[in-house]
Amino acid sequence: MTTAAPVTPASPMTPASATATIHRWTPVSRTASGALAALLLALAFAPFVFAPEATAKLTTLFVLVIVAAMWNALAGYAGLVSVGQQGFIGLGAYGVFLFVDRGVSPFLAVVLAALLAGAVAVPTSLLAFRLTGGQFAIGMWAIAEFFRLVVVNTPSLGGGSGRSLTDLSATDPAVRQAQVYWLALALMSVLLLAVFLLLRSRLGASLEAIRDDPVGAASVGVRVTSAKRLVFVLAAVGGAAAGGLTLASTLRVQPDSIFGVQWSAYMIFMVVIGGLGTFEGPIIGAIVFFLVQDWFGDTGGTWYLIGLGTLAIGMTLWMPHGLWGTVARRRDLELLPVGYRVKAPVVRPR
């Protein structure tokens with residue numbers, strides 16, 4: 001004998017056709033993406049409108065955006081907190097000389113030096129990935145110092161006194177600055193797009209799983225080491241591009257400055273201020289840092305550094321998610337979405 005299961009009448013407030021939907025884009029994010037594309041297009045005409053001094057400052061901003069976005073991809077998404085990314089920045093700058101000495105155009109040399117640094121990052125990762133947590137962070141600092149010592153002890157690279165990029169010194173300063181500006185804008189756009197597409201891919205979800213629990217991610221089939229290595233190489237390429245652009249803009253580098261740990265301090269500051277683990281945060285943090293540096297950088301070294309430290313401490317205590325991270329959480333807002341959003345069904349009474 002079978003007993004029929006009780007039938008629960010459907011509620012008039014929950015129609016059977018109501019289902020949740022999953023999507024990436026919202027009207028706000030579509031508008032923001034279009035505005036960003038229009039802004040990048042407009043920036044391409046800046047050398048025709050502004051003086052070389054203005055385009056030089058914008059070039060500096062683009063370099064800051066690059067290094068902040070690369071460090072955020074490394075630490076904010078892959079969980080690889082490094083204080084040695086200045087090693088790749090220095091390799092990018094000095095790598096330009098290796099190609100220029102062989103007759104390559106300085107601007108093409110910047111791109112090739114960035115790719116060379118990415119190739120160097122592959123064997124470097126074999127050593128660095130043997131370390132975890134704080135050991136990895138300090139280990140990367142030691143690796144950066146190793147790169148610096150190699151440069152210092154190479155006479156063709158100028159040794160400890162540095163070297164000038166004489167191939168560009170004969171070019172008209174206004175023309176040279178415009179060319180460097182366009183290269184910086186192009187590299188920044190390409191690298192940001194690469195990070196954006198990476199985070200939106202299946203690998204992007206894997207990286208967040210690795211950041212939260214590497215062992216758990218590996219247990220469900222994520223190739224942890226390969227995923228981390230890909231981001232590590234991308235961050236190296238971006239850092240080296242920033243180093244090459246710095247050389248092309250200033251025409252001279254010295255090992256102690258281009259390999260200086262202040263680069264890592266700047267990266268961490270910008271990402272903390274903007275919002276760790278968000279795509280928009282490092283860009284906003286770079287803009288804030290650029291404005292602070294432009295307005296107060298000449299007021300005195302000690303007080304300037306004290307001000308930066310105080311601002312970073314205050315942000316960490318009262319806005320631990322950063323400027324953009326806080327806004328995004330409170331407003332449920334994403335301008336450039338890298339993840340999915342779940343839209344609850346709209347339930348109407350019958």
Side-chain angles (χ1 to χ4, degrees), residues 43 46-47 50-68 70 85-101 104-114 116-117 144 147-148 151-152 154 156-188 191 237-267 269-270 286-287 289-298 301 304:
L43 286 172
F50 301 110
E53 293 78 9
T55 55
K57 289 185 177 183
L58 286 175
T59 300
T60 301
L61 173 61
F62 296 160
V63 169
L64 293 175
V65 170
I66 290 173
V67 296
M70 294 302 106
Q85 293 308 107
Q86 65 271 12
F88 295 110
I89 294 175
L91 285 182
Y94 277 94
V96 172
F97 294 119
L98 297 179
F99 292 102
V100 168
D101 290 345
V104 178
S105 165
F107 298 109
L108 178 58
V110 171
V111 178
L112 294 178
L116 177 62
F147 291 156
R148 186 186 69 83
V151 168
V152 169
T154 304
S156 62
L157 295 178
S161 60
R163 182 176 167 181
S164 299
L165 187 61
T166 56
D167 296 69
L168 288 179
S169 59
T171 308
D172 180 78
V175 174
R176 175 180 59 81
Q177 185 54 57
Q179 293 172 335
V180 174
Y181 170 86
W182 282 319
L183 180 60
L185 177 63
L187 288 175
M188 180 191 69
L191 289 168
V237 171
L245 290 170
T246 300
L247 170 62
S249 181
T250 61
L251 297 183
R252 182 173 179 82
V253 289
Q254 292 179 315
D256 290 342
S257 61
I258 201 67
F259 285 101
V261 73
Q262 76 273 4
W263 282 103
S264 285
Y266 294 162
M267 297 179 208
F269 178 86
M270 290 184 289
I287 294 173
F289 177 69
F290 168 77
L291 294 176
V292 171
Q293 194 176 51
D294 185 56
W295 293 341
F296 305 108
D298 297 331
Y304 168 66

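- Minimum heavy-atom separation, A248 to L168: O-CD1, 4.3 Å.
- Contact of the I89 side chain with the M267 side chain is registered, since non-hydrogen atoms from C-beta on lie closer than 4.5 Å.
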- Query: Under the side chain to side chain contact (heavy atoms under 4.5 Å, CB included) criterion, do L116 and L91 qualify, and how do the steps go?
  - Reply: CA-CA 9 Å; L116 177 62; L91 285 182; over 6 Å; no

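- The aromatic rings of F259 and Y94 sit parallel, their planes meeting at an angle under 30°, below the 60° perpendicular limit.
- The line from CZ of F107 to CD of Q179 is 4.0 Å long, rounded to the nearest 0.5 Å.
- Separation of atoms CZ (R176) and CG (L165) is listed at 9.0 Å; rounding is to 0.5 Å.
- The main-chain N or O of A51 is never found under 3.5 Å from a side-chain atom of Q177 such that the two would form a donor-acceptor pair.
- Note that CH2 of W263 is 4.0 Å distant from OG1 of T246, once rounded to the nearest 0.5 Å.
- The two residues A93 and G243 come nearest to each other via the heavy atoms CB-O, 3.5 Å.
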- When you look at K57 and F290, which way does the side chain to side chain contact (heavy atoms under 4.5 Å, CB included) test go after all the steps? CA-CA 9 Å; K57 289 185 177 183; F290 168 77; 3.9 Å; yes

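- For the atom pair CG (L61) and CE (M188), the distance works out to 7.5 Å, reported to the nearest 0.5 Å.
- The shortest non-hydrogen separation linking G95 to A113 is C-CB, 3.7 Å.
- A heavy-atom distance below 4.5 Å is found between the side chains of R148 and D256.
- Of all non-hydrogen atoms in V104 and A109, the two that sit nearest each other are CG1-N, 3.9 Å.
- Contact check for T60 versus D294: no side-chain heavy atoms found under the 4.5 Å cut-off.
- Nearest heavy-atom pair across A117 and A240 is CB-CB, 3.3 Å.
- Taking the side chain as every heavy atom from C-beta outward, V253 and V96 never approach each other to under 4.5 Å.
- With hydrogens and angles ignored, the 3.5 Å screen pairs a side-chain donor or acceptor of Y181 with a backbone N or O of L43.
- In the model, S264 has no side-chain atom that pairs as donor or acceptor with a side-chain atom of Q85 under 3.5 Å.
- We find the CZ-CD1 distance between R252 and I258 to be 12.5 Å, quoted to the nearest 0.5 Å.
- No side-chain heavy atom of F147 sits less than 4.5 Å from a side-chain heavy atom of Q86.
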- Start with the C-alpha distance between L98 and L157, add both sets of side-chain angles, then the distance that settles side chain to side chain contact (heavy atoms under 4.5 Å, CB included), and finish with yes or no. CA-CA 8 Å; L98 297 179; L157 295 178; 4.2 Å; yes

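- Of all non-hydrogen atoms in A242 and V67, the two that sit nearest each other are CB-CG1, 3.5 Å.
- Atom CZ of residue F62 and atom CH2 of residue W182 lie 12.5 Å apart, to the nearest 0.5 angstrom.
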